[in-house]
Amino acid sequence: MSASVPASAPACPVDHAALAGGCPVSANAAAFDPFGSAYQTDPAESLRWSRDEEPVFYSPELGYWVVTRYEDVKAVFRDNILFSPAIALEKITPVSAEATATLARYDYAMARTLVNEDEPAHMPRRRALMDPFTPKELAHHEAMVRRLTREYVDRFVESGKADLVDEMLWEVPLTVALHFLGVPEEDMATMRKYSIAHTVNTWGRPAPEEQVAVAEAVGRFWQYAGTVLEKMRQDPSGHGWMPYGIRKQREMPDVVTDSYLHSMMMAGIVAAHETTANASANAFKLLLENRAVWEEICADPSLIPNAVEECLRHSGSVAAWRRVATADTRIGDVDIPAGAKLLVVNASANHDERHFERPDEFDIRRPNSSDHLTFGYGSHQCMGKNLARMEMQIFLEELTTRLPHMELVPDQEFTYLPNTSFRGPDHVWVQWDPQANPERTDPAVLHRHQPVTIGEPAARAVSRTVTVERLDRIADDVLRLVLRDAGGKTLPTWTPGAHIDLDLGALSRQYSLCGAPDAPSYEIAVHLDPESRGGSRYIHEQLEVGSPLRMRGPRNHFALDPGAEHYVFVAGGIGITPVLAMADHARARGWSYELHYCGRNRSGMAYLERVAGHGDRAALHVSEEGTRIDLAALLAEPAPGVQIYACGPGRLLAGLEDASRNWPDGALHVEHFTSSLAALDPDVEHAFDLELRDSGLTVRVEPTQTVLDALRANNIDVPSDCEEGLCGSCEVAVLDGEVDHRDTVLTKAERAANRQMMTCCSRACGDRLALRL
Ligand code: HEM
Ligand code: FES
């Protein structure tokens with residue numbers, strides 16, 4: 001996929017004569033130069049002014065309208081009828097007559113292929129050819145990608161210095177692409193030779209005299225692709241996307257045509273090759289420049305899938321993409337005339353602070369990295385994204401295991417081929433001491449693998465190591481733990497109601513945070529559950545000061561709504577932990593609140609001193625002292641503007657639900673530590689269809705699947721976290737059909753409005769739902 005914008009600038013599209021104030025193109029817009037060093041070095045930074053002041057502008061230099069904010073870029077991708085992809089691959093340099101004649105000699109007839117094709121032709125083809133890209137099918141390629149990666153690293157691992165691009169990242173994605181397409185082994189070498197010549201040439205701006213040589217390379221590639229395709233036709237039973245396409249052609253000859261298959265054979269390689277090679281080169285550069293992050297993923301490979309996603313967001317390989325408006329329209333508040341060409345800058349959207357918090361920071365634990373637009377979005381979204389993610393994960397795993405000590409060669413200058421759309425350094429030189437290669441002393445490192453994550457990573461998978469800094473008994477059977485980052489970093493700030501997940505032996509357990517939200521370490525309190533066979537017993541019996549623990553989060557499914565007139569906080573037993581953090585927060589902000597703390601006896605109630613610090617706003621309810629809480633009296637009168645937050649044993653929460661029956665919808669918030677909301681009983685569920693309006697797909701949800709499972713099986717990315725209906729991260733917009741809501745996130749009113757749903761647990765009442773995906 002070679003996309004660059006022609007540099008010849010058409011005239012300003014605005015009729016200056018009709019304007020009193022002269023040309024409306026701002027000075028910044030006029031100065032925008034996508035071939036200049038500022039854009040080439042950092043496209044997102046060079047367009048910061050635009051995101052802030054003029055998010056849609058006309059560039060006289062390009063003759064394109066440039067779109068830079070996340071929501072606008074996504075809206076353009078979303079509508080492939082109004083914003084046609086027809087110009088996505090327009091050539092940088094017009095082809096000379098001589099070169100055209102050369103191409104004709106080879107019967108070169110490249111047709112449009114998926115990426116630049118309009119409806120109604122595009123979607124039937126995309127649907128027909130999608131299966132080999134689904135996670136289930138991609139899993140078959142993991143061993144091949146690992147084998148190739150290993151072979152290339154073997155060649156330089158002992159050398160002490162390498163250019164990762166030339167010696168690995170340029171070639172492996174190409175060979176993977178050939179395997180994915182199903183090119184027979186005996187044709188690989190020739191195909192590789194031709195496609196390298198082809199892609200290297202299309203990157204540049206060949207001078208007229210070089211054009212014929214380029215055309216020769218392209219022509220030969222075209223002919224050889226045709227020969228290989230013919231061979232596949234003789235026996236189309238093999239693995240790979242092309243044999244699959246040939247088999248589909250028999251079923252749907254009008255959808256998968258001959259010319260289409262021939263063109264796809266070439267276009268498929270280009271789509272899969274440069275994009276992935278550049279993305280991987282960007283990722284290694286970024287990670288090695290952020291040494292602490294590199295060391296973290298070396299120490300904990302489970303961070304790799306999220307690191308890949310954050311690299312794709314922060315420094316993706318497709319910086320911009322192109323569309324053409326098919327009718328007069330508006331983007332944001334700018335009028336766009338029919339025929340206007342658009343440069344939608346994915347790299348800028350990916351650094352838009354309106355969508356990503358602190359977008360310039362490289363944060364591999366960012367919960368929404370996978371919202372990036374590097375793969376585009378909607379009905380043309382990259383079909384190969386999960387193959388690319390798999391390759392990048394395996395490259396990172398191999399090199400973090402075998403060369404964790406490698407570093408960038410200092411003072412090297414990174415160069416980029418001047419180009420608006422594709423971005424990746426020409427070379428990434430690294431060096432290391434081969435004597436220190438871990439495999440020299442421990443050959444077992446070569447056999448350590450974690451399975452790749454196919455698809456986007458779940459936020460809940462992101463972990464860090466903490467150590468126990470303090471451990472004190474603060475009540476009968478209650479231990480307080482203070483945890484700090486094992487690497488000495490400040491742990492992320494959190495909000496009251498947040499919890500962390502701790503891995504304890506074979507189990508994972510959730511604990512609410514209850515210290516000060518801006519403290520450098522975390523505080524939790526753990527009650528020994530007499531029934532415990534793992535979690536709390538492990539903490540009480542196995543941990544000591546200095547013990548390391550694997551932690552995920554913090555996450556907040558129980559956040560305080562800051563707009564209430566008064567808060568009623570109710571805690572039972574160890575449920576005091578989130579509730580106390582909330583009460584402290586309310587006190588610090590001068591909010592109106594009351595705190596009720598229930599327990600059997602004082603010796604078992606943790607944090608009594610801190611509770612006492614809340615003075616007469618706190619009430620203790622101790623059953624052995626006869627001061628048990630009277631919930632019916634507490635909530636006798638529904639009071640608008642009052643919010644109730646409660647955490648404690650099931651009995652207490654059920655009592656509160658009962659007592660607040662007449663209260664306004666959404667007044668009572670309870671903390672559930674676990675939930676069975678996502679548990680499916682296939683005997684009682686029914687299957688239904690999802691109509692995905694942005695993607696133009698219909699997806700079947702079987703009784704054994706959640707909506708989220710079915711979406712992922714069809715390569716649709718939806719972020720998720722708890723996958724139990726508790727957190728709200730898997731929410732999608734509903735356009736039609738009635739939802740059977742099963743989450744604890746939406747209020748009654750939101751459920752009734754039927755405009756959103758949680759895909760990890762909620763389902764359809766009927767046989768169809770239309771979603772904005
Ligand atoms: C389309 C990026 C890897 C196959 C696209 C588009 C982008 C893109 C931006 C256009 C999206 C749109 O118009 O909404 C990337 C990046 C990659 C990558 C950044 C690597 C990091 C791959 C791989 C393959 C592939 C490995 C194939 C094996 C395709 C195909 C389309 C496409 C077939 C056309 C889909 C359609 O129009 O329906 N890619 N790509 N890509 N990509 Fe990728
Ligand atoms: Fe948390 Fe669905 S992933 S509500």
Side-chain angles (χ1 to χ4, degrees), residues 1 3 73-74 76-78 80 83-85 88-89 112-119 122-123 125-127 129-130 132-133 138 141 145 173-174 176-181 240-241 264 267-283 308 311-312 316-323 344 346 372-392 421-424 458-460 555 557 675 677-678 694-696 706-708 715 718-732 742-746 757-762:
M1 246 184 288
V73 171
K74 191 162 177 175
V76 171
F77 275 122
R78 175 177 284 135
N80 67 326
F83 302 110
S84 153
L89 303 187
R112 290 205 179 169
T113 48
L114 294 173
V115 77
N116 54 356
E117 196 169 53
D118 282 317
E119 304 308 340
H122 164 257
M123 271 323 285
R125 286 193 181 134
R126 181 170 164 114
R127 283 189 209 110
L129 297 171
M130 185 57 115
F133 290 98
L138 285 180
H141 297 291
V145 179
L174 171 59
V176 169
L178 294 173
H179 279 283
F180 177 76
L181 289 170
W241 197 30
M264 204 61 212
I269 297 173
V270 179
H273 176 201
E274 293 168 59
T275 48
T276 313
N278 281 322
S280 308
N282 286 334
V308 165
C311 288
L312 285 165
S317 52
V318 172
W321 206 244
R322 288 181 290 163
R323 291 283 194 261
V344 285
N346 321 28
H372 67 72
L373 296 174
T374 301
F375 292 126
Y377 176 75
S379 57
H380 284 271
Q381 195 191 39
C382 179
M383 285 166 82
K385 62 184 178 181
N386 288 336
L387 181 60
R389 283 168 166 153
M390 177 197 281
E391 290 182 55
M392 293 174 72
S421 297
F422 289 106
R423 196 164 177 280
R460 67 192 166 134
R555 300 181 285 152
H557 306 158
S675 124
L677 295 164
D694 289 351
S695 316
T706 64
V707 169
L708 190 64
N715 273 355
V718 176
S720 73
D721 188 348
C722 70
E723 297 190 9
E724 290 180 293
L726 305 174
C727 72
S729 49
C730 64
E731 177 178 318
V732 302
R742 302 183 183 182
D743 60 282
T744 63
V745 180
L746 298 178
M757 75 180 286
M758 300 306 145
T759 51
C760 66
C761 57
S762 300

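Indexing begins at 1, ligand by ligand and atom by atom, following the structure's order.
Under the ring pair (Phe, Tyr, Trp, His ring centres under 6.0 Å) criterion, His122 pairs with His380, sequence neighbours left out.
Across all non-hydrogen atoms, the minimal contact from Asn80 to Pro85 is O-CD, 4.0 Å. In terms of heavy atoms, Thr276 sits closest to Ala388 at OG1-CB, 3.9 Å. Across all non-hydrogen atoms, the minimal contact from Pro173 to Ala272 is CB-O, 4.4 Å. Between Asn116 and Arg112 the shortest heavy-atom distance is O-CD, 3.1 Å.
Under the 4.5 Å side-chain criterion, counting only non-hydrogen atoms from C-beta, Gln381 is not in contact with Asp694.
The structure places CD of Glu731 at 9.5 Å from OG1 of Thr759, a figure rounded to the nearest 0.5 Å. Rounding to the nearest 0.5 Å places CG of Leu114 at 10.5 Å from OG of Ser379. Taking CD of Glu117 as the start and OG of Ser84 as the end, the distance is 10.5 Å to the nearest 0.5 Å.
The aromatic rings of Trp241 and Phe180 sit tilted relative to each other, their planes meeting at an angle between 30° and 60°.
Judged by distance alone, with hydrogens and angles left aside, the side-chain atoms of Arg126 form no donor-acceptor pair with the main-chain N or O of Ser695 at under 3.5 Å. Listed for the Ser421 side chain is no donor-acceptor partner under 3.5 Å among the backbone atoms of Ala319.
Of the candidates Phe83, Phe77, Tyr377, Phe77 is the only one forming a side-chain contact (heavy atoms from CB on, under 4.5 Å) with Val344.
The atoms of ligand 1 that sit less than 4.0 Å from any heavy atom of Leu387 are 28 (C). Close contacts of ligand 1 with Gly376, meaning ligand atoms under 4.0 Å from a residue heavy atom, involve 9 (C), 11 (C), 14 (O). Near Thr374, meaning under 4.0 Å from any of its heavy atoms, are these atoms of ligand 1: 2 (C), 9 (C), 19 (C). Heavy-atom proximity to Trp321, at under 4.0 Å, picks out these atoms of ligand 1: 10 (C), 13 (O). Atoms of ligand 1 found under 4.0 Å from any heavy atom of Phe133 (numbered from 1 in listed order, with element): 27 (C), 28 (C). Under a 4.0 Å criterion applied to the non-hydrogen atoms of Ala279, ligand 1 contributes the atoms 21 (C). Atoms of ligand 1 lying under 4.0 Å from at least one heavy atom of Tyr377, given by number and element, are 14 (O). Counting atoms of ligand 1 from 1 in the listed order, those under 4.0 Å from a heavy atom of Val318 are 2 (C), 9 (C), 19 (C).
Screening the protein for N, O or S atoms under 2.8 Å from atom 2 (Fe) of ligand 2 yields 2; no waters enter the count.
Between atom 8 (C) of ligand 1 and the options Ala177, Gly696, Cys382, Cys311, the minimum heavy-atom separation is to Cys382. The closest non-hydrogen atom to atom 13 (O) of ligand 1, taken over Glu117, Gln381, Arg323, comes from Arg323. By heavy-atom distance, the residue among Arg389, Lys385, His122, Met383 lying nearest atom 38 (O) of ligand 1 is His122.
Considering backbone and side-chain atoms alike, Phe180 places every N or O at 3.5 Å or more from each N or O of ligand 1. Backbone and side-chain nitrogen or oxygen atoms of Arg126 are examined, and one is located within less than 3.5 angstrom of a nitrogen or oxygen of ligand 1. At under 3.5 Å, not a single nitrogen or oxygen of Thr276, backbone or side chain, sits near a nitrogen or oxygen of ligand 1.
Heavy atoms of Ser317 approach ligand 1 to within less than 4.0 angstrom. Under a 4.0 angstrom heavy-atom cut-off, Ser379 registers as being in contact with ligand 1.
Between the side chains of Ser317 and Asn282, no donor N or O sits under 3.5 Å from an acceptor N or O.
Contact annotation: for Val115 versus ligand 1, heavy atoms closer than 4.0 Å belong to both the backbone and the side chain. Of the heavy atoms in Phe77, only side-chain atoms (C-beta onward) come closer than 4.0 Å to ligand 1. Under 4.0 Å from ligand 1, heavy atoms of Ala272 appear from its side chain as well as its backbone.
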query: Are Leu312 and Phe375 close enough, and set up right, to give a side chain to side chain contact (heavy atoms under 4.5 Å, CB included), and what steps lead you there?
result: CA-CA 9 Å; Leu312 285 165; Phe375 292 126; 3.7 Å; yes

